[in-house]
Every structure is written in structure tokens, then in C-alpha cells.
Number of protein chains: 2
Amino acid sequence: MSGEERPPRERMVYSAAQLVRSRGVAATGVRDVVAYANAPRGSFQHYFPGGKDQLVGEALAWSADFAARRVASYGRQAGEPSPSGLFAHMARQWREELTARRYERGCPIMATASELAGGDSPVNEPLRTAAARWERAVVEELVRMGVPAERAGGLATVMISALEGAIMLARVCRDVGRLDTVVSELAPVLDSYAG
Amino acid sequence: MSGEERPPRERMVYSAAQLVRSRGVAATGVRDVVAYANAPRGSFQHYFPGGKDQLVGEALAWSADFAARRVASYGRQAGEPSPSGLFAHMARQWREELTARRYERGCPIMATASELAGGDSPVNEPLRTAAARWERAVVEELVRMGVPAERAGGLATVMISALEGAIMLARVCRDVGRLDTVVSELAPVLDSYAG
DNA sequence: TACCCTTTATGACAGGCGTCATGGAAGGCG
DNA sequence: CGCCTTCCATGACGCCTGTCATAAAGGGTA
């Protein structure tokens with residue numbers, strides 16, 4: 001998009017994120033990432049002395065940052081913000097992504113978790129951090145719109161859980177309608193935080 | 001447990017399911033499966049001429065069957081069945097599984113979806129069939145307890161989505177509390193199918 | 001006994017993986 | 001000029017992957 005393209009290191013992190021969330025961690029080779037990023041091969045071991053684990057970890061951090069920004073963007077463009085509105089905002093972005101890219105890419109956190117969360121990989125901590133960052137962004141956005149703090153945590157967990165599951169079902173069934181279903185079904189609970 | 005152990009073929013399918021849902025598809029080698037199942041190595045290519053894809057496909061079918069049976073078991077042991085009761089039933093089983101096995105194993109459908117649902121793998125169809133089988137089992141259980149048919153589909157989608165996402169978060173954060181949170185937050189919506 | 005079909009055994013193949021070692025360009029700076 | 005740090009290039013290493021080829025047991029049946 002922009003005239004000058006980003007430096008190789010950044011391109012590799014971004015590329016790793018995209019490849020991981022579309023085929024998973026194990027199926028994403030470092031050579032693939034380098035080629036996808038149009039980066040010099042020798043640069044990989046220079047910028048990522050920690051190897052593949054470091055690359056995946058940074059890809060997760062990048063993704064979490066991206067997700068957090070998306071969440072925070074809701075407050076600035078919503079007239080009358082509400083929990084269900086925020087949830088619909090998040091789901092809509094995924095709906096567009098899935099249809100535009102034909103269900104090619106899913107959530108990098110889910111992909112990494114499925115493969116690594118069960119063991120004791122070094123990527124485990126970046127993974128937990130990424131999930132926490134995303135969750136915290138949702139909580140902060142909820143609190144900002146008036147949801148009591150002790151209620152926001154639970155709502156955020158439900159929103160992220162349902163969204164992740166719906167993304168998965170949408171990809172498996174090749175049907176973005178799952179996202180709409182979850183949004184409309186969940187709207188009542190999300191907005192009844194007063195009761 | 002039982003005196004006579006199951007035939008090698010069945011053991012391999014079962015083992016494949018367990019390994020896939022703990023480390024993912026790509027990280028699960030056929031040699032691993034054979035060793036884990038205590039099966040003769042030469043038997044793999046005899047029973048699964050379709051190779052790894054066939055094995056993973058059958059592992060998914062087995063898992064879906066297992067999940068469907070678990071769902072159906074609720075109706076037989078619940079005094080006053082309700083949607084939220086069914087959901088709590090499903091979540092409780094996962095809670096026990098995750099704590100007993102220390103978050104080692106997740107959902108095989110999620111694991112396979114994360115790696116393969118984006119492309120055009122032969123495993124894609126078994127994957128979709130497995131998800132549909134599980135979803136259908138939930139729908140049937142809901143209808144059996146009096147939920148209108150046109151409402152059951154949406155509820156089942158929400159339940160499965162939220163459960164899958166909560167499983168993921170629980171594994172990432174090593175905290176089964178996420179499951180309890182989702183159960184208690186979702187209870188109101190699930191039981192308000194009359195309105 | 002001989003035969004045949006099912007099941008198991010074993011070794012090899014080509015290819016990909018992550019990582020490492022080594023060496024060369026590029027450019028600021030004394 | 002020389003030096004040194006940053007960045008890139010290239011080839012190789014050992015390991016593991018899924019698959020195949022080939023052959024040998026096992027166990028009924030005629």
C-alpha cells in the first residue's frame with residue numbers, strides 16, 4: 001500500500017503471522033516465511049537468533065497488538081457503544097476477512113494453541129501473553145462504556161470464546177452465517193450487564 | 001481396562017485422535033501413532049491405504065461419534081433437562097479432562113481445523129462431517145427437551161462455539177475457570193428459548 | 001499336505017525440516 | 001586509508017517425514 005515497504009525484519013514477523021494462522025505452526029517452515037516476506041534468507045538467523053520459536057512468539061505479539069487496536073477502534077467510531085455492538089464489530093471484521101480470503105486464514109492464537117498449548121514449548125508464554133492482551137483490550141473497552149469492572153471480565157471471556165469458536169465453525173463449514181448466529185444469540189446477555 | 005484389548009486398527013484410530021488433539025496434525029507422525037498404539041508398523045499401510053489423510057479422517061469420525069454419545073448421555077441422566085444443563089454437562093466433562101490431563105489435550109476438530117480448514121485437504125470433508133455430527137447431536141438433544149426446532153440450531157451453534165473457545169482459553173491460560181465463566185454467563189440465554 | 005489370503009516385518013527412498021558455519025558486501029567512523 | 005558493525009549469501013549438516021517395495025509369517029480351508 002505505502003510507497004516504501006517495511007524493513008525485512010518486520011515483514012518476516014507479519015508473514016509468519018499470516019502463514020501460521022492459515023496452516024498452523026508446524027506446517028509453516030522458516031523458509032516459507034522468508035520467501036513469503038521476500039526477505040533475504042540469511043537475515044532470518046540474524047534477526048531471530050532464537051530461531052523459529054522467537055519468530056512465532058513475535059508473530060503472536062504482533063497479532064495481539066493488531067487485535068487490541070481493532071477492539072479499541074470501536075470506541076472511536078461507535079455512536080452509542082454497547083457490549084453487543086462491540087461484539088458485532090469484532091465479528092463483522094472476521095466475517096469480511098473470511099469471505100474476502102475464502103476462509104483461508106483463521107486466528108493465530110487458536111492455531112498456536114492447538115499445537116503447542118498442551119506441552120511446554122517456549123512459545124507458550126508469548127501465547128498466553130497474546131491472549132491476555134486481547135482479553136484486556138476487550139475488558140478496557142467494556143469498562144469504558146460503563147460496564148462494571150467485576151462484570152467485564154466474564155463478558156470478555158464469553159465474547160472471545162464464542163468468537164473463536166464461531167470462526168472455527170465458519171471455516172470448517174465454509175459458512176460465515178455462524179458468526180451472525182452467535183452475534184444475534186449473544187446480544188441479549190451482553191447488554192444485560194445492569195441486571 | 002478390559003481383559004482383551006482392541007484390534008490394532010482401532011487402536012491406531014484412537015491413538016491418532018489423541019495425538020492430534022494434543023499436538024496437532026502436522027506434528028503427529030504416523031510412526032508416532034503406530035508406536036503410541038503399540039501396533040505393528042507394517043499394519044498401518046495395510047489398514048490405511050489412503051495414508052495419513054485416511055487415518056486422520058477416521059480419527060475425526062471416531063471423535064465426533066464419541067462427542068455425540070457424550071451429548072446424548074445427558075438426556076438419560078438428567079432429572080430436569082435444560083439447555084443450560086446440557087451445556088454445563090458438556091463443559092464439566094472438558095473441565096475434568098483438562099485438569100486430569102493437565103491441559104495436554106484439546107479438541108481434535110479445532111486442531112485439524114486450524115491447520116487444514118484453510119486449504120483444500122482431503123481431510124476437509126471428514127472434518128466438516130465431524131463438526132456436523134456433533135452439532136446435530138446437540139440439536140437433537142435440545143429438541144428432545146422441548147426447544148423449538150428453528151431455535152435449536154442457533155443455540156447449538158452458540159454452545160459449541162463458546163465451548164470450543166473456552167477450551168482454547170483454558171489451555172492457553174491454564175485455567176479451567178474460563179469454562180465455568182462461560183457456563184454461568186451463558187445460562188440465561190440458553191434457557192430463554194421460550195421468549 | 002498344499003494353497004491362499006490376511007496380516008506383519010523390514011529396509012529404503014526422496015524430500016523437507018531447523019539449524020549452523022563460514023564468508024562476503026555495505027556503510028558509518030576514526 | 002583502515003576498521004568494525006550490521007546485514008545478507010550460500011552451502012551443508014543431521015534428523016525426521018510420508019510413502020513405497022519386497023518379503024515373510026499366520027491361520028484357516030481344501
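So you know, we letter chains A, B, ... as the sequences are listed, proteins then strands, and number each from 1. Any value given below was found using the heavy atoms of this structure, including those in side chains, with hydrogens, waters and symmetry copies removed. Just so it is clear, the structure is predicted and the values come from calculations on it, not from any experiment.
Between B:Glu125 and B:Arg128 no salt bridge is recorded (no basic side-chain N to carboxylate O distance below 4.0 Å). A salt bridge links B:Arg21 with B:Glu97: the distance from a Lys NZ or Arg NE/NH1/NH2 to an Asp or Glu carboxylate oxygen falls below 4.0 Å.
The side chain of B:Tyr47 places an N or O atom within less than 4.0 Å of a non-bridging phosphate oxygen (OP1 or OP2) of C:dT8. Using a 4.0 Å cut-off, some side-chain N or O of B:Ser43 falls inside it from OP1 or OP2 of C:dT8.
Atom CZ of B:Phe48 is separated from atom P of C:dT8 by 11 Å (rounded to the nearest Å). Residue A:Lys52 contributes atom NZ, which lies 12 Å from atom C1' of C:dT19 at whole-angstrom precision. Rounded to an integer number of Å, the gap from B:Arg23 CZ to D:dC16 P is 13 Å. Computed from coordinates, the B:Leu19 CG to D:dG18 C1' distance equals 16 Å when rounded to whole Å. Atom CZ of B:Phe44 and atom P of C:dT10 are 18 Å apart (whole Å). In this structure, NE2 of A:His46 is placed 13 Å from P of D:dA9, rounded to the nearest angstrom.
The CD1 atom of B:Ile109 sits 11.0 Å away from the CZ atom of B:Arg133 when rounded to the nearest 0.5 Å.
Closest to the B:Gln45 side chain, of the nucleotides D:dC7, C:dG18, D:dC20, is D:dC20. Closest approach to the A:Arg41 side chain among C:dC20, D:dC8, C:dT10 is made by C:dC20 (side chain taken as heavy atoms from C-beta onward). Listed candidates were D:dC20, C:dC20, C:dC17. Nearest to the side chain of A:Asp32 is C:dC17.
In this structure, B:Arg31 fails the cation-pi test against B:Tyr36, since its NZ or CZ atom is not both closer than 6.0 Å to the six-membered ring centre and inside 45 degrees of the ring normal.
For D:dG18, the base has a donor-acceptor partner in the side chain of B:Arg31 [N/O atoms by modelled type, under 3.5 angstrom].
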